[in-house]
Amino acid sequence: MEENKDNLHTVKVQKGGPLVITGKFRLILADGSNEIREGITAFCRCGQSKNMPYCDGSHVKSNFKD
């Protein structure tokens, strides 16, 4: 992956997989807590992750299709 020279965040929807965000951002969770994330973060789209809101690879076993 090339270096992010413009300080832009990249959001990629992976077909049949997670939503992947690259860069530094603030994540505000449903309970109101928040954290700063940096690097690559994958978010669950299939609803089967045991580590919500993050992807744990469960989409593979659940045969998730988008």
Side-chain angles (χ1 to χ4, degrees):
M1 185 173 286
E2 75 181 59
E3 184 180 337
N4 185 349
K5 295 179 183 175
D6 297 323
N7 267 345
L8 294 176
H9 310 292
T10 301
V11 179
K12 181 178 180 183
V13 178
Q14 293 192 344
K15 185 164 182 65
L19 179 73
V20 178
I21 299 178
T22 303
K24 185 175 182 178
F25 61 94
R26 178 182 309 276
L27 174 64
I28 303 170
L29 298 167
D31 66 3
S33 64
N34 67 81
E35 57 188 67
I36 301 297
R37 304 289 298 190
E38 190 169 359
I40 299 171
T41 305
F43 291 96
C44 177
R45 291 196 308 135
C46 74
Q48 303 300 310
S49 176
K50 304 234 182 326
N51 189 30
M52 292 297 261
Y54 307 106
C55 176
D56 69 359
S58 293
H59 58 277
V60 176
K61 289 181 185 177
S62 70
N63 202 27
F64 173 69
K65 303 286 186 228
D66 55 348

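A donor and an acceptor atom, one from each side chain of S49 and N51, are nowhere located under 3.5 Å apart. Side-chain contact annotation: K65 with N63, donor-acceptor N/O pair under 3.5 Å present.
Residues passing the side chain to side chain contact (heavy atoms under 4.5 Å, CB included) test with L29 are L27, D31, S33, E35, P53, sequence neighbours excluded.
Taking 4.5 Å as the limit, some side-chain heavy atom of T41 sits within range of a side-chain heavy atom of F25. Here the side chains of Q14 and V20 are in contact, with some heavy-atom distance below 4.5 Å. Residues T22 and H9 form no side-chain contact, since every pair of their non-hydrogen atoms from C-beta on lies 4.5 Å or further apart. You'll find the side chain of C44 stays beyond 4.5 Å of the side chain of H59, heavy atoms only. At least one side-chain heavy atom of S62 sits less than 4.5 Å from a side-chain heavy atom of C46.
Sequence neighbours left out, the pairs with a member in residues 39-51 that pass salt bridge (Lys or Arg N to Asp or Glu O under 4.0 Å) are R45-D66.
Placement of I40 and V11 in two distinct hydrophobic clusters is found when ILVMFWY residues are connected by side-chain heavy-atom separations under 4.5 Å, directly or transitively. Linking Ile, Leu, Val, Met, Phe, Trp and Tyr whenever their side-chain heavy atoms come within less than 4.5 Å leaves V60 and V13 in two separate clusters.
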message = For a side-chain contact (heavy atoms from CB on, under 4.5 Å) check, start with the C-alpha distance between R37 and Y54, then their side-chain angles and the critical distance, and finish with the verdict.
response = CA-CA 12 Å; R37 304 289 298 190; Y54 307 106; 3.5 Å; yes

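The two residues M52 and G47 come nearest to each other via the heavy atoms CE-CA, 4.1 Å.
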